[in-house]
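No experiment lies behind these values; they were computed from the predicted model shown. The residues of the chain are indexed from 1 along the displayed sequence. Values reported hereafter were calculated over all heavy atoms of this structure, with side chains retained and with hydrogens, waters and symmetry mates removed.
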Amino acid sequence: MATSKVLAGARVVLPTGTVPDGRVIVDGTRVAGVAPAGAETLDLTGHWLVPGFVDLHNHGGGGASFTSGTVEDVLKGVHTHRLHGTTTLVASTVTGDMDFLAQRAGLLSELAEQGDIAGIHFEGPFISPCRKGAHSESLLRHPDPADVRKLIDAARGHAKMLTLATELPGGIDSVRLLAEHGVIAAIGHTDATYEQTVEAIDAGATVATHLFNAMPGLGHRAPGPIAALLEDERVTVELINDGTHLHPAALELAFHRAGADRVAFITDAMDAAGFGDGRYMLGPLEVEVRDSVARLVEGGSIAGSTLTLDRAFKRSVTVDGISVEDTVRALSANPARLLGMYDTVGSLEPGKDADLVVLDADFDVKGVMRKGAWVVEPA
């Protein structure tokens with residue numbers, strides 16, 4: 001059971017900046033402004049205290065898959081990521097048969113109703129065969145608004161985001177449909193031109209699915225989707241900061257052009273995240289993970305990642321030179337706002353859920369709290 005606690009002595013990252021030797025008061029499941037009498041005090045001197053991480057795009061972890069596993073499998077994967085600081089997670093599917101995807105949406109929506117996940121992200125099947133990545137080409141289809149609506153309905157109000165190649169027939173109409181239903185339209189696995197991408201943004205698309213990956217490169221005469229997505233203030237760009245998906249210069253370019261308020265770090269994790277090397281299935285496709293890099297057995301395309309968001313945090317600060325405050329924006333505040341959840345998660349403010357992560361001076365996780373209860377209790 002959650003109890004009242006005072007977490008004292010850490011460097012606390014707030015929306016207004018970092019407070020040295022700060023105090024966060026937890027009363028029950030929420031951050032409070034005043035400590036009740038007799039509250040337990042935990043000394044976190046020498047540590048950082050940051051909001052719990054929010055992952056928009058995640059296919060599994062701990063050896064368990066969100067794309068095909070049982071309820072127990074999904075919960076196992078969610079718990080694995082919680083151990084690494086992700087206190088709010090959107091479960092992502094991969095391309096599959098429409099009836100199967102509707103069935104998965106039904107299962108995942110039950111977990112969303114229970115509060116175990118924050119919602120559902122459909123990645124595919126409405127993507128370009130030219131940029132399919134680790135998706136089965138035989139199951140791809142054009143984004144017919146009727147099919148898009150089928151998935152929205154199957155999610156019972158818990159569809160948060162759908163990734164599509166908006167240049168395909170039906171793409172723009174599908175973007176408008178998603179916007180009308182309060183579902184994020186994300187441009188990804190796309191072969192769109194610059195002009196086609198601008199049209200999709202104007203129609204209501206607001207996210208770039210793993211920017212740079214599974215889309216044409218930035219050209220000087222044909223700038224493609226990357227330039228359009230980076231330049232538009234209405235778009236949040238997802239970045240997979242694992243050292244494999246992006247060169248550091250590409251990540252720096254995205255931060256410089258989009259700005260810290262428009263970047264969301266994601267994992268795009270598959271089953272192997274937090275689990276280890278080996279053979280796995282991603283939807284109907286076989287994946288081999290070697291040295292923590294996931295690739296399709298047939299063809300060798302990168303197949304998601306084995307990333308956890310604590311590793312993305314540490315790399316951002318220690319390798320990429322991004323400030324702790326901007327890293328917190330990319331891992332917590334920005335995705336929370338995008339999901340419409342910033343009133344409850346994404347920052348350490350009174351009245352919000354007591355979701356937080358304790359990091360040591362080397363930015364390794366030492367504690368994780370979700371809704372006032374320790375998932376990982378600091379020693």
Side-chain angles (χ1 to χ4, degrees), residues 57-61 63-70 73-74 77 90-108 120-152 154-155 159 161-171 174 178 185-192 209-210 212-216 225 238 240 244-245 266-273 278-290 293-307:
H57 186 156
N58 189 316
H59 300 278
S65 172
F66 301 156
T67 67
S68 59
T70 63
D73 290 331
V74 176
V90 175
S92 302
T93 64
V94 294
T95 292
D97 175 84
M98 285 296 297
D99 289 338
F100 177 75
L101 288 175
Q103 180 186 42
R104 291 305 299 171
L107 181 148
L108 293 171
I120 304 165
H121 163 222
F122 296 101
E123 187 177 21
F126 313 116
I127 61 176
S128 171
C130 303
R131 305 287 175 178
K132 64 183 184 297
H135 292 254
S136 176
E137 186 167 356
S138 65
L139 295 172
L140 301 182
R141 58 175 60 210
H142 291 161
D144 184 330
D147 287 337
V148 172
R149 179 61 187 268
K150 179 178 180 178
L151 295 184
I152 294 173
M161 184 163 67
L162 187 146
T163 294
L164 69 165
T166 54
E167 76 277 9
L168 295 176
S174 293
L178 291 164
I187 300 173
H189 289 276
T190 176
D191 205 40
T209 293
H210 43 55
F212 298 109
N213 297 114
M215 60 182 63
E238 294 182 348
I240 308 172
T244 298
H245 281 77
I266 60 162
T267 60
D268 194 15
M270 45 83 70
D271 313 18
R279 291 280 183 111
Y280 300 85
M281 298 300 296
L282 185 59
L285 302 179
E286 190 173 14
V287 175
E288 181 172 13
V289 178
R290 185 181 302 171
V293 177
R295 294 187 180 275
L296 292 181
V297 171
E298 185 176 342
S301 293
I302 293 178
S305 85
T306 63
L307 186 64

**Study point:** Close side-chain approach of Pro125 to Leu139, heavy-atom, < 4.5 Å
**Key:** no

Point to revise | For Thr95 against Ser136, the heavy-atom pair lying closest together | key: CG2-O, 4.0 Å

Check your understanding: Atom CE of Met270 and atom CE of Met281: how far apart are they, to the nearest 0.5 Å?
Key -> 10.0 Å

Review point. What's the shortest heavy-atom distance between Ala155 and Ile120, and which atoms?
Key: CB-CD1, 3.9 Å

Exercise for review: Measure across Pro225 and Ala192 and return the closest heavy-atom pair with its distance rounded to 0.1 Å.
Suggested key: CD-O, 3.1 Å

Exercise for review: Hey, could you give me the CG/NE2 distance between Leu296 and His135, rounded to the nearest 0.5 Å?
Suggested key: 9.5 Å

Exercise for review: Apply the test side chain to side chain contact (heavy atoms under 4.5 Å, CB included) to residues Thr93 and Leu151: give CA-CA distance (whole Å), side-chain angles for both, the deciding distance (0.1 Å), then the verdict.
Suggested key: CA-CA 11 Å; Thr93 64; Leu151 295 184; over 6 Å; no

Review point. Should the heavy atoms of other residues, nucleotides or ligands under 6.0 Å from CZ of Arg290 be counted, would the total exceed 12?
Key: no

Review point. Closest approach of Asp144 and Ser174, non-hydrogen atoms and distance?
Key: C-OG, 3.9 Å

Check your understanding: Counting distance only, does the side-chain N/O of Arg295 pair as donor-acceptor with the main-chain N or O of Gly300 below 3.5 Å?
Key -> yes

Review point. With no hydrogens and no angle check, is any side-chain donor or acceptor of Asn213 less than 3.5 Å from a backbone partner on His245?
Key: yes

Review point. Going through the distances and angles, do Met215 and His210 end up as a side chain to side chain contact (heavy atoms under 4.5 Å, CB included)?
Key: CA-CA 9 Å; Met215 60 182 63; His210 43 55; 5.6 Å; no

Review point. Closest approach of Phe66 and Val74, non-hydrogen atoms and distance?
Key: CE2-O, 3.4 Å

Check your understanding: Is a side-chain donor or acceptor of His189 paired with a backbone partner of Ser128 at a separation under 3.5 angstrom?
Key -> no

Exercise for review: Assign the ring pair His57 / His121 to parallel, tilted or perpendicular, where the plane angle (0 to 90°) is split at 30° and 60°.
Suggested key: perpendicular

Study note, to complete from the structure: Separation between CD1 (Ile127) and CG (Leu168), nearest 0.5 Å, reads 9.0 Å

Review point. Just wondering, do Leu140 and Lys132 contact through their side chains at under 4.5 Å, heavy atoms?
Key: yes

Point to revise | Derivation and outcome, side chain to side chain contact (heavy atoms under 4.5 Å, CB included), residues Asp268 and Glu123 | key: CA-CA 10 Å; Asp268 194 15; Glu123 187 177 21; 4.1 Å; yes

Check your understanding: Is it true that a side-chain atom of Glu167 and a backbone atom of Thr190 form a donor plus acceptor pair closer than 3.5 Å?
Key -> no

Point to revise | Spacing of Ile152 atom CD1 and Asp147 atom CG [to the nearest 0.5 Å] | key: 11.0 Å

Practice item. Using the side chain to side chain contact (heavy atoms under 4.5 Å, CB included) rule, take Asn58 and Ile266 through it: C-alpha gap first, then chi angles, then the decisive distance, then the call. Key: CA-CA 7 Å; Asn58 189 316; Ile266 60 162; over 6 Å; no

Check your understanding: Heavy-atom distance under 4.5 Å between the side chains of Phe126 and His142, does that happen here?
Key -> no

Check your understanding: Atom CZ of Arg131 and atom OG of Ser301: how far apart are they, to the nearest 0.5 Å?
Key -> 11.0 Å

Study note, to complete from the structure: CD of Glu286 to CZ of Arg279, rounded to nearest 0.5 Å, is 4.5 Å

**Study point:** Minimum heavy-atom distance Phe122-Ala159, with the two atoms named
**Key:** CE1-CB, 4.0 Å

Review point. Under 4.0 Å between a Lys/Arg side-chain N and an Asp/Glu carboxylate O for Asp97 and Arg104?
Key: no

